Every structure is written in structure tokens, then in C-alpha cells.
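Since we're looking at a predicted model, the values are computed, not measured. Numbers here simply count residues along the sequence, with the first being 1.
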Amino acid sequence: TAALVEHLLRHSVRRGDFTLKSGKRSDWFIDAKQTTCRPDGMLLVADAATYLSGVRDYRGFIDGQGWRHGVAHGSDLALQLAVNPAIDRAQVDTLLAAVRSQVVAADGHAYIHGEPGRLARVVYFAAQRDLHDAKYWDAWLKEIASPGPLKDWGFAFGSEAGLARLHDTRSFLQALLALTVRGEDA
């Protein structure tokens, strides 16, 4: 992931006076196309997905240190890659698998710093590209909504980890629904 950050900084971070799609002004933006369209950058898509799926430090804000927020920041990177037209369906699938792996935190942690919303943005904007049909999304969402490894969602109320799983899954699905209803720009 250090290589990805270095590559983004060298090829994709632009400084100047920019008007974003939202109409807001910024003195910088990331043009991820400059990374993903380069052969060495294409390999870094896999690194981004590996980073996001591998996050196990779920701390958000740390007094005296600032934001850790690895899931949210990894999601933001995955979002920028997913909306890039140079990224093909197989690469988007890799990014979506990384998102799926983080919808429920690996150690029974309940997200409290907006992570479900950041994960949902990747899925929402990947869906806008129309690379997948309704059958694909139906199966993808059924997998997310599955209580596994719990027998059913009723068992979630029997443990802290089960409740965290229920909370994280609901939070993700609610964030995705909200994006679908109101729409949003990347």
C-alpha cells in the first residue's frame, strides 16, 4: 500500500484551483485515472483491495493522534478506483469483494465512525457504472444480508459479537438505501 500512496501522490494528486462536480472549490483533487491507466497503477488496484480487506485496526479517532479510520480511508480509495472508467468489471469485482469483507468487522467490533456509509458509497457508485445486472446485485446483497455464521438473525441477540454483526449489517444496508433514494455525486 505504500507503493499505491507513492504512486497516487506522484501521478494523481493535482494542486491548483478546481471546481468539483458538487460545485465546491478546492485547491487539490485526486485524478485517479492517472494512476489506474498506467500499467504499474493497474496492479495497484489489487493492492488497494488487499489493504481494505486486511484492515483490522478499527479505531476511528485517537486523542493526540487524530484519525486512524482505515476502513473509511480504504473505502474512499476503493470508491475513486471503482468510478474510474479505466477500471474493468473484474477489477470492480475485486474492490466489491474487499468492501464485502469489511461490512462486518472481523473481530466483532461495532462501527461508530461512519464506516458503513463510506463502504456503501463504493457499492452505490460501482452500481452506477452498469457493469453488473440485477441478478448479480441480488446475489451480492443477499450475501451481505445473510446472518452467517449465525443460524439466523435471532441468534444475534445472544452475544456481543452477534449484536455488532447485526448493527454493522443494518448500518451498511441503511446507508446504501439512503444513497439509492437521495442519490449523490462521487
Side-chain angles (χ1 to χ4, degrees), residues 1 4 45-83 87 89-186:
T1 58
L4 177 59
V45 170
D47 286 344
T50 299
Y51 169 78
L52 178 56
S53 355
V55 172
R56 294 298 179 266
D57 182 351
Y58 296 110
R59 295 177 292 173
F61 188 83
I62 309 298
D63 289 337
Q65 295 179 18
W67 287 101
R68 293 283 177 140
H69 222 27
V71 171
H73 294 151
S75 296
D76 294 345
L77 176 57
L79 166 64
Q80 292 307 310
L81 294 169
V83 299
I87 300 298
R89 180 185 166 143
Q91 291 171 305
V92 170
D93 289 347
T94 300
L95 295 169
L96 290 171
V99 167
R100 185 175 51 241
S101 76
Q102 289 293 358
V103 167
V104 174
D107 67 353
H109 172 80
Y111 290 127
I112 59 170
H113 296 288
E115 297 91 342
R118 303 280 271 281
L119 290 162
R121 286 173 49 83
V122 181
V123 176
Y124 174 76
F125 286 105
Q128 300 304 305
R129 292 199 48 206
D130 290 326
L131 298 173
H132 303 88
D133 61 16
K135 185 177 177 180
Y136 171 91
W137 288 114
D138 185 55
W140 198 90
L141 289 167
K142 281 182 180 173
E143 187 174 338
I144 292 294
S146 167
L150 303 172
K151 183 177 176 182
D152 64 49
W153 282 116
F155 285 90
F157 297 96
S159 71
E160 189 175 337
L163 287 168
R165 180 177 194 79
L166 178 62
H167 164 81
D168 290 347
T169 303
R170 278 185 179 167
S171 296
F172 172 80
L173 292 171
Q174 288 169 344
L176 186 57
L177 175 62
L179 284 166
T180 303
V181 169
R182 75 171 188 258
E184 192 172 307
D185 289 331

- Query: If you look at every heavy atom in V71 and L52, which pair is closest and at what distance?
  - Reply: O-CD1, 3.7 Å

- Item | Minimum heavy-atom distance between L96 and W140, given as atom pair plus value | O-CZ2, 3.6 Å

- Note on the structure: Between Q91 and the options V45, L81, L131, the side chain to side chain contact (heavy atoms under 4.5 Å, CB included) test singles out V45

- Intermediate values then yes/no, side chain to side chain contact (heavy atoms under 4.5 Å, CB included), V55 and H73: CA-CA 10 Å; V55 172; H73 294 151; over 6 Å; no

- Task: Calculate, to the nearest 0.5 Å, the distance between atoms CD1 and CG belonging to I144 and D168 respectively.
- Result: 11.0 Å

- If you round to the nearest 0.5 Å, how far is CZ of R89 from CZ of R129? 11.5 Å

- Query: Which heavy atom of V92 sits nearest a heavy atom of A82, and at what distance?
  - Reply: CG2-O, 4.2 Å

- Item | pair Q102-Y58: side-chain heavy atoms closer than 4.5 Å | yes

- Message: Nearest 0.5 Å, please: how far is CG in D57 from CG in D107?
- Response: 9.5 Å

- Message: As an exercise, state the distance from CG of L141 to OH of Y136, rounded to the nearest 0.5 Å.
- Response: 9.5 Å

- Message: Tell me the closest heavy-atom pair linking T169 and A145, and the distance in Å.
- Response: CG2-CA, 4.3 Å

- Is there side-chain contact between E115 and H69, with heavy atoms separated by less than 4.5 Å? yes

- Query: What's the shortest heavy-atom distance between L79 and V122, and which atoms?
  - Reply: N-CG2, 3.7 Å

- Note on the structure: Closest non-hydrogen atoms of A105 and H109, given as atom of the first, atom of the second and distance, are CB-O, 3.4 Å

- Between CG on residue L176 and CG on residue L119, distance to nearest 0.5 Å: 10.5 Å

Could you list the donor-acceptor pairs under 3.5 angstrom formed between side-chain atoms of residues 159-167 and any protein atom two or more places apart in sequence or on another chain?
residue : atom : partner : partner atom : Å
S159    : OG   : G162    : N            : 2.9
R165    : NE   : P147    : O            : 3.2
R165    : NE   : G148    : O            : 2.8
R165    : NH2  : G148    : O            : 2.2
H167    : NE2  : Y111    : O            : 2.9

- Query: Run the side chain to side chain contact (heavy atoms under 4.5 Å, CB included) check on V123 and W137 step by step: do they pass?
  - Reply: CA-CA 10 Å; V123 176; W137 288 114; 3.7 Å; yes

- Item | Neighbour count above 12 (heavy atom, 6.0 Å) for R170 CZ | no

- Quick one: CG on D138 to CD on E143, what's the gap to the nearest 0.5 Å? 12.0 Å

